**Q** 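The structure that follows is given in the form of structure tokens.
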Amino acid sequence: MKKPLALLLCLSSWALGSGCNLLDISDAEGTRGRGARAFDPYSSSASGAISLSLLAFNGCAILPNGEPVARGDVSLPEGAYPDACTRLNDGAPLGPPMPPFARFNVTPGTIYFLREITLVDTVFGQHTEFNDRQAPATWARRQSRFKSLDWSGLTIGQETWRDRGSGSFQRETYFENAAWMISNDDTFLVEVLDSDGNPRASQTYLRRDFLAENATTGRTRVSWTVDGLARPRFPDDPEPQPPGADPIYQTVVKVSVANATNPFKSITMPDLSGDGAIRVTWSLMPDAPFYFPVTFVPEQERPATCFRMGPDGLATDEQVPCGFGLEQAVRIRTPQNGRYYMPGETVDFMVSLRDGDGNGLHSRDLLPTYNEYVNGDSNGLAYFNDFMIFTYRDTSSSESGFKVVGPLQDLRVANGTYQLPYFSYPGTSEPRFFVEPGLPSILPGYADSQPPARYAVTLPQDAKAGTYAIVLKGHRSYMGERLNRLDPFFFQVGQEQKTTYPERIGNCQVCHNGTNSLSNVHHGMAVDHVELCKTCHFEQAVGQVSDIVHRIHASSRKYSQNRADCTLCHLTRESTLRPSLMSCNGCHVQSHGTEYYDLYFAEMHQTPNAYGNCANACHAETPPMQHILPPQ
């Protein structure tokens, strides 16, 4: 029997239901400021239930690595599940359907709660008239797998351009306001079926039970994208640039809700073996349930593919069965003087990724190969997957790797420049990936090579003194559980005295607590270290932090606070007094219309640009009067 859920879990649903009562700060969970580690009660196999993610692509269930799931021997209604599936990992345009081979394993007798359900239907190269926005909308309403939804009220919404690097852009047109999109009382009935198709367990989830569903976080959307363009010459440019370009066209309907706020709504997997299925019936589509074939694998039958850990905290050669969960650790070599690193010295460290029971997920010196990840043989460890990110539009699916940044006291938002005010390796927005994007498909032998678990980063000769961080970004999917983790590990440079973050933002734990603490959503980083977000999100290609954070909360139906009250998140007045087109447009969409249109396409190293400080030019004399700012 699993341990009962901690009492803190109930506070997650309470916080959302109460609208995050900022006046009640008597409890530790209401403490304003940077927060505390107490806000991550979910601990995988030690919790009362295991989080369950259900993903589907073009009618087939898929694993988080993008591979379609085979039907197996479960008895389902005629036509309920296809015998052949399009392989997302074949890239765009999608190839012909093929018989799938992957298996979706779950553990009988284990209690699960629904973390996520994501259903995607997409076509490539079908709507290729650059100025015809009606055709993709018509496909969504009349031909997609979601055609039975109530599409009344559908409008053409925002059009965004995203810098993909090297002068290439993606234009995305959103379709919004359909009745099903703004519904809040619909339900998802989750049933576990045995091999004969009979329900053996069930649970009903309300749509409002889930925290995340808006498109800014990669969730529910209907959109039409054109990828591989140069920038337009002017607003509403009717010709794709450059003329004669051959961009990629994609139309997508994505229904995605994530992060259940009530983990007490749980499902005990029946004590079965062999094949079965999970059936999800959406109340808005009662006659078209979604099926996710599963294979019941008892805990005692799990193969010994993980590694027992040694006294040095690294994997031994002894292999043992894996458990749920993901924990990350780093072993840093002792500096030459035994106390702290000096400028110019090389920081040598080893990465150790483990399950929640402390077993190693890889050998001492090497990580699994990319092909082992795709084939489901990596003990659940995930790597950068271009197709999950750009085809499935899954913004937190993979990207495992690390960054080295510091000192902490110098971590400032880099607005409109690539010149970071602190040391960062790599200096780009993305981390140093364990498997580099694109290389598995173009570099012979790369997909079968094992990435190292040991790395070395040389500090600059003029490295400032203080506390630095090795930030690990990890992802794992195992037995239905899907986890993202982002953990910092600290070391000293130039001095023994520790330093800390600028502490300009915080308070996330006022609403993000319990199962919806920052440790359990998106990248999985604790609120204590929220200022590390800026070290990756400083350009448009990955979402600039002051832009996406504002947009996420401005567009969320679950955020009930006064959007003009900057004191909820900003701890200092100075942190609010730097308006830019990107940061302000998160709430005030196109506040200047197209007056500064060219700035959205200006390179960050050019001045002016969309991330530049508007206060330097126009907004210097008085702060925005319609906002509530910190007093100092």
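The model shown is predicted, which means the values in this text are computed figures rather than measured ones.
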**Q** Can you establish whether the number of heavy atoms outside D312 located under 6.0 Å from its atom CG is more than 12?
**A** yes
**Q** Let me see the working for R454 and D348 under salt bridge (charged side-chain N to carboxylate O under 4.0 Å, His left out), right down to the final yes or no.
**A** CA-CA 7 Å; R454 181 173 181 173; D348 190 310; 2.8 Å; yes
**Q** Quick one, L459 and P343 - any side-chain contact, counting heavy atoms below 4.5 Å?
**A** no
**Q** State whether F390 and R162 meet the cation-pi test: NZ (Lys) or CZ (Arg) under 6.0 Å from the six-membered ring centroid, and within 45° of the perpendicular axis.
**A** no
**Q** Can you tell if the side chain of R393 reaches within under 4.5 Å of the side chain of T225, non-hydrogen atoms only?
**A** yes
**Q** Does a side-chain heavy-atom distance below 4.5 Å link L483 with S51?
**A** yes
**Q** For atom CD of Q419, is the number of surrounding heavy atoms from other residues, nucleotides or ligands below 6.0 Å larger than 12?
**A** no
**Q** Before accepting this row, confirm whether a basic side-chain N of the pair K473/E399 lies closer than 4.0 Å to the acidic partner's carboxylate O.
**A** yes
**Q** Does M479 offer a backbone N or O that forms a donor-acceptor pair with the side chain of N105 under 3.5 Å?
**A** no
**Q** Find out whether Q336 and M342 are in side-chain contact, i.e. whether some heavy atom of one side chain is under 4.5 Å from a heavy atom of the other.
**A** no
**Q** Start with the C-alpha distance between R219 and E116, add both sets of side-chain angles, then the distance that settles salt bridge (charged side-chain N to carboxylate O under 4.0 Å, His left out), and finish with yes or no.
**A** CA-CA 10 Å; R219 298 296 170 187; E116 168 190 6; 2.9 Å; yes
**Q** Would you give the length of the straight line joining atom CG of L55 to atom OG of S256, rounded to the nearest 0.5 angstrom?
**A** 8.0 Å
**Q** Begin from the C-alpha positions of F104 and F292 and carry the test ring pair (Phe, Tyr, Trp, His ring centres under 6.0 Å) through to its verdict.
**A** CA-CA 8 Å; F104 183 179; F292 302 83; 7.3 Å; no
**Q** Tell me, yes or no, whether the heavy-atom count around D317 atom CG, taken from other residues, nucleotides or ligands under 6.0 Å, exceeds 12.
**A** no
**Q** In Å, rounded to the nearest 0.5 Å, how long is the span from CZ of R71 to OH of Y291?
**A** 9.5 Å
**Q** I want to check something: taking the side chain as every heavy atom from C-beta on, are F433 and Y383 in contact at a cut-off of under 4.5 Å?
**A** no
**Q** Any side-chain heavy-atom pair from L411 and L408 closer than 4.5 angstrom?
**A** yes
**Q** Would you please indicate yes or no on a ring centroid separation below 6.0 angstrom for H475 and Y373?
**A** no
**Q** Roughly how far apart are T499 OG1 and D410 CG, rounded to 0.5 Å?
**A** 8.0 Å
**Q** Atom NZ of K534 and atom CD of Q544: how far apart are they, to the nearest 0.5 Å?
**A** 11.0 Å
**Q** For the pair F402 and F349, name the ring-plane relationship: parallel under 30°, tilted 30 to 60°, perpendicular over 60°.
**A** perpendicular
**Q** Do R103 and D275 meet the salt-bridge criterion of a basic N to acidic O distance under 4.0 Å?
**A** yes
**Q** Should the pair D394-R482 be classified as a salt bridge under the 4.0 Å nitrogen-to-oxygen rule?
**A** yes
**Q** Taking C-beta and beyond as the side chain, do Y446 and V435 meet within less than 4.5 Å on heavy atoms?
**A** yes
**Q** Does I248 offer a backbone N or O that forms a donor-acceptor pair with the side chain of D227 under 3.5 Å?
**A** no
**Q** Any heavy-atom pair between the side chains of T110 and E481 that's under 4.5 Å?
**A** no
**Q** May I ask you to check whether over 12 heavy atoms, not counting those of R308, lie within 6.0 Å of atom CZ?
**A** no
**Q** Short question: side chain of K464, backbone of G494 - any donor-acceptor pair under 3.5 Å?
**A** no
**Q** So among Q409, H529, E531, which one has a side-chain hydrogen bond (donor to acceptor under 3.5 Å, both in side chains) with Y501?
**A** H529
**Q** Can you name the nearest heavy-atom pair linking D448 to T369, along with the distance?
**A** O-CG2, 3.3 Å
